[in-house]
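The analysis underlying the following values was restricted to heavy atoms, covering all of them including side chains, and did not include hydrogens, waters or symmetry mates. Everything numeric in this text was worked out from a predicted model, so none of it was measured. Residue numbers start from 1 in every chain, and the chains themselves are labelled A, B, ... in the order their sequence lines are given, proteins ahead of strands.
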Protein chains: 2
Amino acid sequence: MAINKKKDQIFTAAAKLFIEHGFKATSMRQLAKEVGLEASSLYSHISSKQELLAQMCMSEATKYLANLDQVMSVEKDIINVLRSISYFHIETAFEDPVSETVFTNEWRYLEEPTLSEFKRIRKDYESRILHVIAQGVNQSILIDKDPFILFQLFQSSFKWIYMYNKPSKWNKEDVKHTLTEVLLKGIKK
Amino acid sequence: MAINKKKDQIFTAAAKLFIEHGFKATSMRQLAKEVGLEASSLYSHISSKQELLAQMCMSEATKYLANLDQVMSVEKDIINVLRSISYFHIETAFEDPVSETVFTNEWRYLEEPTLSEFKRIRKDYESRILHVIAQGVNQSILIDKDPFILFQLFQSSFKWIYMYNKPSKWNKEDVKHTLTEVLLKGIKK
DNA sequence: ATAGTTTACGAACGTTCGTACGCAAATATG
DNA sequence: CATATTTGCGTACGAACGTTCGTAAACTAT
């Protein structure tokens, strides 16, 4: 059996290189070397460089969205929703560092039709979080400021983790609780 | 006179393209078109693509550092120092959107020796801010959490501005005060 | 063992990249 | 006006890019 072991290796290596150098600056020859192949041999397992990015972006996007669905269905308290989202982002950033990278930077290099689909999912995800925050402001649970700014602050707070996540310098739980607590403290009324 | 008008145009256009597509994905032919020239003609004004990036990175780095020097020399209150830094970052992100881009992403594509020099300045800048935050924690002015996490949160809070700074959707002053207030509220004891 | 399928390779493709060079037009300097 | 300098263009370069293709070796299943 051993289903797709090489293919998984390729995706893992690609993720690592995309984080380190970015999609455009990562060549198929580098990637091949990373998994011990020649460049042309990659195409026995994947169909294109674009496929690597597309797969990563879409699986991350749907993963985030699925989590949001789940959280919002079981949790009605606005603060708890935001806390859960924060936890999920931080955990994901630790365990699957490519997620924040593609969500923040590399999605730009998607081609159609994947690009549009990704943007649609991402917009959906973001507008639902924005809506939660706007509700929080309306209900005087959150500080009375432009919800869009609060939302952007919320979103960007996770973006540093993957950049410094070299040898897991920090304790995940520590980051998770500190970051979330400080963030919520800032935006709560 | 009209010193270097074309050269400035080139830098401005390059900054715009680096923000929009990234350094690696911006070609000299695109850049040339943006300023109404042929690619080869760019080299009457600049010496290389790398020079464009190097100039941007170094001038931004020294600008941030100079501001930090100035702030820390006139202001001793830790909260006020952090507030000033926050203001400066946000104002810079609005008025000179390439700054956060190169500081966050594009500096990676610098070549030696500029890369090392940039990293040195950047490290200097960051460790001084970290030191201020650590002081704040020690003096119980800031919340009793890992200063490194607080520092990273602080730094990353500005990184969203340039990405959405398309048609100046927001009022600069609004962003400046909201973001800074929420941020400080979060990290203050 | 045989046949079929998957995996890997080397060579080569068409393109695009950053940039060098020689020359003409434009501009500045005397 | 004559001269020197700057600016721009067309062409072309070598290198690197993603990818294709024919083929051979390595596995899998019968």
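- The listed nucleotides are C:dG18, D:dT20, C:dA8; the one nearest the side chain of B:R29 is C:dG18.
- A:M28 places its CE atom 10 Å from the P atom of D:dT20, with the value rounded to the nearest Å.
- Near DNA chain D, defined here as any heavy-atom distance below 4.0 Å, the residues from residues 44-60 of chain A are A:S48, A:K49, listed numerically.
- Of all nucleotides listed (C:dA8, D:dC9, D:dG18), D:dC9 comes nearest to the side chain of B:S41.
- Atoms CD1 and NZ, on A:I143 and A:K185 in that order, are 11.0 Å from each other to the nearest 0.5 Å.
- Between the NZ atom of B:K33 and the C1' atom of C:dT16 there is a distance of 14 Å, given to the nearest Å.
- Among the heavy atoms of the strands lying under 4.0 Å from A:S40 is at least one base atom, whether or not backbone atoms are also near.
- Taking atom CD of B:E38 as the reference point, atom P of C:dT19 lies 17 Å away to the nearest angstrom.
- At a threshold of 4.0 Å, the pair A:E75-A:R83 does not count as salt-bridged, since none of the basic side-chain nitrogens sits closer than that to a carboxylate oxygen.
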For residues 35-47 of chain A, dump all side-chain donor-acceptor pairs below 3.5 Å to protein atoms at least two apart in sequence or in another chain.
from  : atom 1 : to    : atom 2 : distance (Å)
A:S47 : OG     : A:E51 : OE1    : 3.0

Residues 22-29 of chain A, side-chain donor-acceptor partners within the protein, below 3.5 Å, at least two apart:
from  : atom 1 : to    : atom 2 : distance (Å)
A:T26 : OG1    : A:L17 : O      : 3.3
A:T26 : OG1    : A:G22 : O      : 2.7
A:S27 : OG     : A:R29 : N      : 3.4
A:S27 : OG     : A:Q30 : N      : 3.1

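- For the residue pair B:T92 / B:D96, no side-chain donor-acceptor distance below 3.5 Å is found, with atom types taken as modelled.
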